[in-house]
Visitor: 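Input: one structure, supplied below.
Only a predicted model underlies this, so the values are computations on that prediction, with no experimental measurement involved.
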Amino acid sequence: MKSPFVILLATTLLGLASCSDEVNNKKVDIPKAVKHIAWVGEFDDGFRVVLEAIAPPQDPSNARISEEEMLRSRLSLDEDQALLRLHLFGESDALQQSGTVSVGGLDLDSFGDAPDGLDIGQRLLWNTVLRGLPTPSQTAGAMLHRSVVLSGSAATLHEPSPEAVWNDGEREVPLQLRTWTEMDRGRFFEASVKPLHQENG
């Protein structure tokens, strides 16, 4: 006759095994917090464009003050306007102009010269983060990354249109609306700064 302790132990182990099987068979959904939208386009020469919210969404429970909150507070930006970040990937000469972007037929606005009255720290934020001043010339073939901040209607992010276009006056590329995970985004960004011949193997 088995002791009550042995029976209890066997029952517990069977229960744990059953729970383990349920966990292993359960589909793991990626939290919405780590998925976000972006508009993406590229040219055959490796030049790439990505437009997204100023910072990818984060889990609110883990977030401290966000970059967007900091910029709005430090630079007194219009609270009614959405802030978006435009990423440009390419050779140095191709990054000197940030171009223009329209989403759903509406143009996004770029930030011009820093307004008078900003202190040194605010002016630095304005020029380096909002305007993303052009990168200096680099070795031919090196792929660089430049980003600028644009502003537009709040509906741009709340009701994203699949129609978006980037234009620099000489060339134009349609941007495709897509939803990606942070891992997909990271891989795309990493591949975008590799020389084109290296990326293609």
Side-chain angles (χ1 to χ4, degrees), residues 27-60 62-63 66-68 70-71 82-104 106-108 110-111 128-152 155-168 170-201:
K27 291 183 179 179
V28 179
D29 292 327
I30 299 174
K32 291 182 179 180
V34 298
K35 293 180 180 178
H36 51 96
I37 63 168
W39 291 264
V40 182
E42 60 185 302
F43 288 100
D44 292 338
D45 63 0
F47 183 82
R48 289 178 168 181
V49 179
V50 175
L51 178 71
E52 62 181 1
I54 191 170
Q58 297 178 346
D59 181 353
N62 294 328
S66 68
E67 179 185 14
E68 180 173 351
M70 181 273 293
L71 290 174
L83 297 180
L84 299 96
R85 176 162 277 135
L86 175 68
H87 300 273
L88 304 173
F89 301 90
E91 295 188 57
S92 178
D93 290 346
L95 303 185
Q96 300 308 305
Q97 300 295 327
S98 59
T100 61
V101 181
S102 65
V103 178
L106 299 176
D107 293 337
L108 301 181
S110 58
F111 289 89
T128 59
V129 178
L130 296 188
R131 300 187 65 198
L133 292 181
T135 57
S137 296
Q138 298 286 335
T139 304
M143 303 298 281
L144 305 175
H145 173 204
R146 178 188 177 194
S147 70
V148 300
V149 175
L150 307 175
S151 66
T156 305
L157 292 173
H158 295 156
E159 301 173 7
S161 169
E163 299 178 1
V165 176
W166 177 88
N167 188 308
D168 69 351
E170 296 182 359
R171 53 184 179 174
E172 180 177 287
V173 60
L175 306 179
Q176 304 297 321
L177 182 63
R178 63 184 291 183
T179 301
W180 55 12
T181 65
E182 189 62 26
M183 182 178 293
D184 292 334
R185 177 181 180 272
R187 288 172 176 166
F188 184 91
F189 277 44
E190 182 179 358
S192 297
V193 293
K194 292 180 180 178
L196 188 59
H197 68 276
Q198 180 179 344
E199 181 186 345
N200 292 337

Visitor: Could you check if a side-chain atom of Val148 sits within less than 4.5 angstrom of a side-chain atom of Ser110, using non-hydrogen atoms only?
Guide: no

Visitor: Kindly say whether Ser147 contributes a backbone atom to a donor-acceptor pair with the side chain of Arg85 at under 3.5 angstrom?
Guide: no

Visitor: Minimum heavy-atom separation for Pro160 to Ile37, with atom names?
Guide: CB-CD1, 3.5 Å

Visitor: Closest heavy-atom contact between Ser98 and Leu86?
Guide: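 Minimum heavy-atom contact is O-CD2, 3.5 Å.
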
Visitor: Is the shortest side-chain heavy-atom distance between Val129 and Met70 below 4.5 Å?
Guide: no

Visitor: Can you confirm whether Glu52 sits close enough to Trp39 that some side-chain heavy atom of one is under 4.5 Å from a side-chain heavy atom of the other?
Guide: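 Counting from C-beta outward, Glu52 and Trp39 never come under 4.5 Å.
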
Visitor: Which heavy atom in Ser102 sits nearest to a heavy atom in Asp107, and how many Å separate them?
Guide: CB-OD1, 3.3 Å

Visitor: Could you measure the distance from the CG atom of Leu95 to the CE atom of Met143? Nearest 0.5 Å is fine.
Guide: 8.0 Å

Visitor: Specify the closest pair of heavy atoms between Gly104 and Ser161, including all atoms of both residues, with the distance to one decimal.
Guide: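 Result for this residue pair: CA-OG, 3.4 Å.
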
Visitor: For Leu88 and Trp166, what are the C-alpha separation, side-chain angles and deciding distance, and is it a side chain to side chain contact (heavy atoms under 4.5 Å, CB included)?
Guide: CA-CA 10 Å; Leu88 304 173; Trp166 177 88; 3.8 Å; yes

Visitor: Identify, with sequence neighbours excluded, every residue that meets side chain to side chain contact (heavy atoms under 4.5 Å, CB included) alongside Glu172.
Guide: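 For Glu172 the side chain to side chain contact (heavy atoms under 4.5 Å, CB included) partners, ignoring immediate neighbours, are Val165, Asn167.
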
Visitor: Kindly give the heavy-atom pair with the smallest separation between Ala94 and Phe47, and that separation in Å.
Guide: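 Ala94 and Phe47 have their closest heavy atoms at O-CE1, 3.7 Å.
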
Visitor: Could you tell me the separation between the CG atom of Leu51 and the CG atom of Leu157, rounded to the nearest 0.5 Å?
Guide: 8.0 Å

Visitor: Flag the pair Arg185 and Glu182 as a salt bridge only when some basic side-chain nitrogen lies within less than 4.0 angstrom of an acidic carboxylate oxygen.
Guide: yes

Visitor: Report the distance from atom CD of Gln96 to atom CD of Glu91, rounding to the nearest 0.5 Å.
Guide: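 CD of Glu91 is found 12.0 Å from CD of Gln96.
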
Visitor: For the CD atom of Gln97 and the CG atom of Asp168, what is their distance to the nearest 0.5 Å?
Guide: 8.0 Å

Visitor: Can you tell me if CD on Glu163 sees more than 12 non-hydrogen neighbours from other groups inside 6.0 Å?
Guide: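 At most 12 heavy atoms, drawn from other residues, nucleotides or ligands, come within 6.0 Å of this atom.
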
Visitor: Just jot down the ring-ring contact (aromatic ring centres under 6.0 Å, His included) partners of Phe189, sequence neighbours excluded, or say none.
Guide: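 ring-ring contact (aromatic ring centres under 6.0 Å, His included) list for Phe189, sorted by chain: His87, Phe89, His145.
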
Visitor: Scan Leu150, Val149, Leu84 and name whichever one has a side chain to side chain contact (heavy atoms under 4.5 Å, CB included) with Ile54.
Guide: Val149

